[in-house]
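Report on the structure given below.
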Amino acid sequence: MKIKKGFVIREICGETLACPEGASLVDFSMMIRLNETSAFLWKEFEGKEFTEETLADALCERYTVEREVALSDVKALVAQLKEIGIIE
Amino acid sequence: MDSTTVHYYCVGDVKFSVSVKSPYGLMEYSETVLDRIRKAASGLPVDALPVRAGDREPSRTYVRCADEIAAGSSTDWNFDFSQYEPFATDPCDQVDFRLDVMPPSSDPGTEGLDLVLKVDDTYPFFTIYDKNGTAVFRFNGPDDSVVAVLAISPDSTRARFFPLMTGGKPVSASSIFYYLNMSLMLVYTYRAALSDRLMIHSSVVCHDGKANMFLGKSGTGKSTHSHLWLEHVPGTELLNDDNPVLGFRDGDLYVCGTPWSGKTPCYRNTAVKVRAIVSLRQAPENRVEPLKGLDAYSALISSVSSVRWNRPVMDHITSTLSKIAMSVPCYRMDCLPDADAAHTCRNAIEQ
């Protein structure tokens with residue numbers, strides 16, 4: 001799976017946001033607020049194919065966290081992103 | 001006879017020139033009209049909205065009727081730039097952008113143009129295209145034919161406005177001015193953003209030395225709210241009723257008047273420090289609450305033209321808005337169109 005094209009990561013009012021700006025995206029009103037780990041993952045995997053496994057791998061490399069915890073966090077994040085329709 | 005006249009302006013610290021090629025020129029004004037323009041520009045009260053002879057609706061400019069126009073000028077080939085007069089400056093070598101008004105030509109069509117966006121929710125309808133970084137706007141007239149084309153260079157410093165002939169008929173200045181004015185606003189929006197100066201859809205009043213800005217979608221009542229202040233809060237003045245420009249000077253946020261003020265001819269070449277920005281919402285009560293951080297940013301960004309297809313412009317817009325949201329008190333106000341709304345607002349934002 002991949003993140004849909006057209007998002008720009010911006011630092012706004014001290015937070016990291018994914019802003020929909022590309023022509024291919026239809027709903028421009030929604031910005032996505034990213035916490036530290038989701039911001040890290042987004043920037044790592046922007047434009048690339050990933051799986052829940054590869055995301056968890058990246059988290060474990062960067063942070064001191066148990067693999068099961070990383071994987072369950074990743075599954076939750078991916079589920080959220082799928083729900084708002086930005087994963088293809 | 002081929003001739004070109006060049007006119008210089010400065011709006012919100014952004015300098016630009018407008019180069020007008022024959023057969024077009026700019027109207028010249030009688031002393032009466034110039035006097036009215038000067039009075040209005042200094043904030044003194046002017047007469048009720050002037051009406052051009054033969055108009056059904058009040059004109060948006062200061063020109064009252066034909067006999068006030070200097071002898072020798074006509075409206076067929078001369079544009080009425082009176083709303084720009086308060087911003088006129090001396091010629092200078094360095095301008096931030098220039099716009100050339102071209103002689104009428106035939107429609108070059110859309111070959112080689114990549115479609116970016118069709119804008120058909122508000123008048124005038126236009127379609128934006130890209131040609132190797134040059135932005136091309138094609139404006140539709142009342143009968144849906146394309147009446148004018150605007151091309152803006154990739155760095156937003158040069159623009160050309162092409163009035164289009166339809167059926168070989170000449171294109172009068174008065175018929176095309178609306179699109180020329182919109183084009184100037186568009187080029188200004190792009191170029192000013194690159195200098196961290198943002199055009200914003202807002203109605204602005206000045207009271208007690210500072211500016212209070214009212215935001216909201218068209219029809220929400222920004223203009224109404226400003227006029228309630230003018231009526232019920234002594235010492236209030238109108239700065240701009242539709243499209244002022246925001247910018248920081250030495251760390252303080254200022255709002256400036258522009259030649260673009262919607263239906264209210266309030267064209268004031270002045271900059272005032274911003275006290276507060278209030279996003280209005282129609283409701284059955286008058287209530288103000290503070291907006292912070294991203295909530296303030298969201299209110300602001302919905303009042304600014306999101307130029308998503310031009311990355312540098314968008315980068316500047318978002319970073320400047322983020323800074324504004326963090327530096328100036330922002331509020332959301334539920335309001336009624338009554339005197340109490342002005343008083344409630346004032347009590348909340350002026351301490």
Side-chain angles (χ1 to χ4, degrees), chain A residues 1-50 55 59 62-63 73-88, chain B residues 113-122 127-131 133 135-136 190 193 196 198 215-217 253 277 279 290-330 332:
Chain A
M1 41 186 162
K2 282 175 87 159
I3 299 171
K4 277 193 183 154
K5 268 169 46 164
F7 283 90
V8 179
I9 301 295
R10 297 190 180 281
E11 301 298 322
I12 292 171
C13 297
E15 310 221 34
T16 306
L17 296 181
C19 302
E21 290 171 19
S24 54
L25 298 173
V26 177
D27 181 2
F28 293 106
S29 58
M30 170 194 65
M31 299 182 293
I32 303 164
R33 184 199 235 133
L34 301 173
N35 63 19
E36 193 193 323
T37 48
S38 40
F40 160 70
L41 288 175
W42 189 302
K43 288 174 191 166
E44 277 288 302
F45 288 91
E46 197 167 12
K48 302 178 193 158
E49 279 285 340
F50 56 82
L55 291 181
L59 270 188
R62 159 78 174 227
Y63 299 100
D73 283 353
V74 157
K75 283 187 199 284
L77 173 64
V78 169
Q80 270 187 330
L81 296 180
K82 275 186 176 162
E83 198 181 353
I84 45 185
I86 61 161
I87 294 225
E88 56 189 6
Chain B
L113 303 183
D114 298 319
L115 177 67
V116 171
L117 186 71
K118 203 162 150 54
V119 177
D120 55 7
D121 47 349
T122 52
T127 311
I128 310 176
Y129 296 84
D130 175 84
K131 184 179 179 160
V136 177
Y190 281 41
D196 297 327
L198 299 190
L215 313 184
K217 295 240 171 297
L253 184 67
I277 300 176
S279 175
L291 284 178
K292 299 246 180 280
L294 285 183
D295 292 327
Y297 178 85
S298 299
L300 288 164
I301 194 142
S302 51
S303 294
V304 160
S305 284
S306 268
V307 185
R308 298 181 300 269
W309 48 90
N310 184 318
R311 185 61 191 264
V313 169
M314 197 62 189
D315 287 347
H316 282 270
I317 289 174
T318 55
S319 66
T320 307
L321 279 180
S322 177
K323 193 173 166 189
I324 291 171
M326 308 280 272
S327 358
V328 164
C330 296
R332 159 141 290 136

In terms of heavy-atom contacts, B:Ser322 and A:Cys13 come closest through OG-N, 2.7 Å
Close side-chain approach of B:Arg311 and A:Val8, heavy atoms under 4.5 Å: yes
Check the pair B:Ser298 / A:Met31 against side-chain contact (heavy atoms from CB on, under 4.5 Å), numbers first and verdict last. CA-CA 9 Å; B:Ser298 299; A:Met31 299 182 293; 3.9 Å; yes
I'd like to know whether CD of A:Glu49 has more than 12 heavy-atom contacts from other residues, nucleotides or ligands below 6.0 angstrom. yes
OG1 of B:Thr318 to CG of A:Leu17: how many Å apart, nearest 0.5 Å? 9.5 Å
What's the separation between atom CD in A:Glu15 and atom OH in B:Tyr297, rounded to the nearest 0.5 Å? 12.0 Å
In terms of heavy-atom contacts, B:Met314 and A:Glu21 come closest through CG-OE1, 3.4 Å
Here the gap from B:Leu300 atom CG to A:Ile12 atom CD1, rounded to the nearest 0.5 Å, amounts to 11.0 Å
